Amino acid sequence: MKHLIYLITFLSISVHSQEFIETSFIKDTKLEADRFVSVSSFEATFYIFDNVLFKKEKNSKGIDIGYNNFQLGDITSVNTFNPLKINLFYKDFNTVVILDNRMAEITKIDFNALEEQKYVTHVSTGYDNTIWVFNENNQQLELYDYKTKTTRAKSMPIQNNVLDIKSNYNTCWVLTEKYLYIYNYFGSLIKKIKNKGFTAFEQSNENIILKKENTLFFLKNESDKIIPIKLPNLLIDAFFVTKETLYIYDNETLHEYQIKTI
């Protein structure tokens with residue numbers, strides 16, 4: 001009987017441990033920004049203020065490095081996965097700008113000027129000299145080589161409304177209103193997971209953090225189980241994850257937590 005009680009207690013603890021992903025507080029940092037973007041592996045913080053992308057180095061006491069291109073309108077998105085080839089997307093002008101780690105412009109991609117014009121709605125980093133783009137003209141995810149001006153790979157048409165895309169050098173994730181699609185670098189669909197109300201996401205080491213309303217959820221690589229992340233009651237205006245560190249911006253403060261994954 002005693003052994004049975006121990007077994008039931010152990011199983012109840014195991015089940016309970018699966019209900020939430022635990023976090024531990026690291027620190028808070030004041031940040032004046034219109035939009036928080038990301039934090040690099042070297043702890044440089046990227047943010048947008050007055051339509052200028054800024055890079056704030058760790059322990060920097062000087063002026064943050066900035067980049068602006070007001071003639072292209074508002075910055076739609078920024079991807080800093082490759083810190084040597086940061087991409088800025090200006091949707092109103094159908095243009096992407098690639099920056100180096102000093103925030104200097106490397107190249108500008110005007111999709112209106114291509115022989116085969118693309119109407120791009122979402123952009124993310126690819127490997128080598130490529131970027132992932134969602135081309136609304138054909139409803140396809142494309143891996144575009146901006147050096148050779150060619151398309152290296154295409155997915156099959158995606159019929160659902162695309163909310164966001166994220167990528168690393170091997171994989172591209174596309175969040176739509178109905179599914180989260182996962183593609184390899186050939187543009188082939190590996191997997192799809194039903195979207196139950198998620199509106200945004202981030203990835204790190206192929207693990208996914210999803211946002212639904214004001215709650216974050218964890219999806220481990222090669223798993224279909226989506227688990228809520230246990231956090232204090234915070235306004236989640238923007239969030240980012242790198243390795244096992246989760247950053248949450250509430251319009252005034254950048255909160256930093258360690259994610260305790262299983």
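No experiment lies behind these values; they were computed from the predicted model shown. Residues: numbered from 1 along the sequence shown.
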- line: Interatomic distance, CD1@I21 vs CD1@I259, rounded to 0.5 Å, equals 8.5 Å
- prompt: Hey, are the side chains of L141 and Y183 touching, using non-hydrogen atoms and a 4.5 Å cut-off?
  reply: yes
- request: Please determine, by modelled atom types, if N94 and N112 share a side-chain donor-acceptor pair under 3.5 angstrom.
  value: yes
query: Is the closest basic N to carboxylate O distance between D164 and K166 below 4.0 Å?
result: yes
Distance (rounded to the nearest 0.5 Å) between I227 CD1 and L219 CG: 9.0 Å
query: Is the closest side-chain heavy-atom distance between N195 and L163 below 4.5 Å?
result: yes
Validation row: I182, T171 side chains within 4.5 angstrom (heavy atoms): yes
- prompt: In terms of hydrophobic clustering (I, L, V, M, F, W, Y; side-chain heavy atoms under 4.5 Å; direct or indirect links), are L189 and V162 co-clustered?
  reply: yes
message: Under the criterion side-chain contact (heavy atoms from CB on, under 4.5 Å), I'd like the reasoning laid out for F239 against I209: C-alpha separation, chi angles, the key distance, then a yes or no.
response: CA-CA 9 Å; F239 65 100; I209 304 292; 3.8 Å; yes
- prompt: So, for Q203 and N205, which heavy atoms are closest and what is the spacing to 0.1 Å?
  reply: OE1-N, 3.7 Å
query: Does the pair K55/E57 count as a salt bridge with the N-to-O cut at 4.0 Å?
result: yes
- prompt: Are R152 and D128 within salt-bridge range, i.e. N to O under 4.0 Å?
  reply: yes
- request: Answer yes if the ring centres of F217 and F198 are under 6.0 angstrom apart, and no otherwise.
  value: yes
field: Nearest-0.5 Å distance, CG of residue D74 to CZ of residue R35
entry: 8.5 Å
- prompt: Salt bridge between E43 and K58, side-chain N to carboxylate O under 4.0 Å?
  reply: yes
field: Test item: I131 and T125 side chains (from C-beta on) under 4.5 Å apart, heavy atoms
entry: no
field: Short side-chain to backbone donor-acceptor contact, N214 and I236, under 3.5 Å
entry: yes
Aromatic contact, Y144 with F111 (centres under 6.0 Å): yes
query: Under 6.0 Å between ring centres, would you say that holds for Y47 and F54?
result: yes
field: D145 and K147 ion-paired at < 4.0 Å
entry: no
message: side chain to side chain donor-acceptor pair (under 3.5 Å) for N129 and K85? Distances and angles first, verdict last.
response: CA-CA 9 Å; N129 296 311; K85 293 178 181 177; 2.7 Å; yes
field: Any E105 side-chain heavy atom under 4.5 Å of V97 side chain
entry: yes
SB check K191 D224 (cutoff 4.0 Å): yes
- prompt: To the nearest 0.5 Å, what is the distance between CD1 (I190) and CZ (F186)?
  reply: 10.5 Å
field: Taking every non-hydrogen atom, the tightest pair across L53 and I48
entry: CD1-CG1, 4.2 Å
query: Among E142, Q117, K154, whose side-chain hydrogen bond (donor to acceptor under 3.5 Å, both in side chains) with N135 holds?
result: E142
- prompt: What's the shortest heavy-atom distance between N138 and P157, and which atoms?
  reply: O-CB, 4.0 Å
task: Report yes or no: do V174 and F134 belong to one cluster of Ile/Leu/Val/Met/Phe/Trp/Tyr joined by side chain heavy-atom distances under 4.5 Å?
output: yes
- prompt: Honestly curious: do Y181 and L143 fall in one hydrophobic cluster under the side-chain, below-4.5 Å linking rule?
  reply: yes
- line: Taken to the nearest 0.5 Å, the spacing of K211 NZ from I248 CD1 works out to 9.5 Å
- prompt: Are any side-chain N or O atoms of S223 and backbone N or O atoms of K225, one a donor and one an acceptor, separated by less than 3.5 Å?
  reply: yes
- request: Could you give me the CA-CA distance, side-chain angles and deciding distance for N51 and F70, then say whether side-chain contact (heavy atoms from CB on, under 4.5 Å) is met?
  value: CA-CA 8 Å; N51 205 34; F70 297 128; 3.9 Å; yes
message: Between F49 and L31, is there shared hydrophobic-cluster membership here, with clusters defined by ILVMFWY side-chain heavy atoms closer than 4.5 Å?
response: yes
query: T176 versus N161: any side-chain heavy-atom pair under 4.5 Å?
result: no
query: Angle class for the Y169/F81 ring planes (parallel below 30°, perpendicular above 60°, tilted otherwise)?
result: perpendicular
task: Verify side-chain contact (heavy atoms from CB on, under 4.5 Å) between L210 and L216, making sure each step is shown before the conclusion.
output: CA-CA 6 Å; L210 294 141; L216 297 180; over 6 Å; no
Heavy-atom pair with the smallest gap, counting every atom of W132 and G126: CD1-CA, 4.0 Å
- request: Return yes when atom OH of Y185 has more than 12 non-hydrogen atoms of other residues, nucleotides or ligands closer than 6.0 Å, and no otherwise.
  value: no
message: Looking at every heavy atom in both T76 and K91, which two are closest together, and how far apart are they?
response: OG1-N, 2.9 Å
task: Please step through side chain to side chain donor-acceptor pair (under 3.5 Å) for the pair T151 and K118, ending with a clear verdict.
output: CA-CA 11 Å; T151 300; K118 302 177 188 292; 3.1 Å; yes
statement: Only one of V78, I86, V39 passes side chain to side chain contact (heavy atoms under 4.5 Å, CB included) with F46, and that residue is I86
task: Please work out whether the ring planes of F36 and Y247 are parallel, tilted or perpendicular, with thresholds of 30° and 60°.
output: tilted
Minimum side-chain heavy-atom gap N69-K108 below 4.5 Å: yes
field: Separation of T80 OG1 from L99 CG (nearest 0.5 Å)
entry: 11.0 Å
task: Just do the side-chain contact (heavy atoms from CB on, under 4.5 Å) check on T23 and K260 with the steps written out, would you?
output: CA-CA 6 Å; T23 60; K260 299 178 179 178; over 6 Å; no
N79 and V37, any side-chain heavy atoms less than 4.5 Å apart: no
message: Minimum heavy-atom separation for N251 and L235, please, with both atom names.
response: ND2-CD2, 3.7 Å
field: L84 atom CG, neighbour heavy-atom count above 12 within 6.0 Å
entry: yes
query: Do the side chain of T245 and the main chain of K243 share a donor and acceptor less than 3.5 angstrom apart?
result: no
message: Hydrophobic clusters here meaning ILVMFWY residues chained together by side-chain heavy-atom distances under 4.5 Å, can you tell me if I226 and I208 are in one?
response: yes
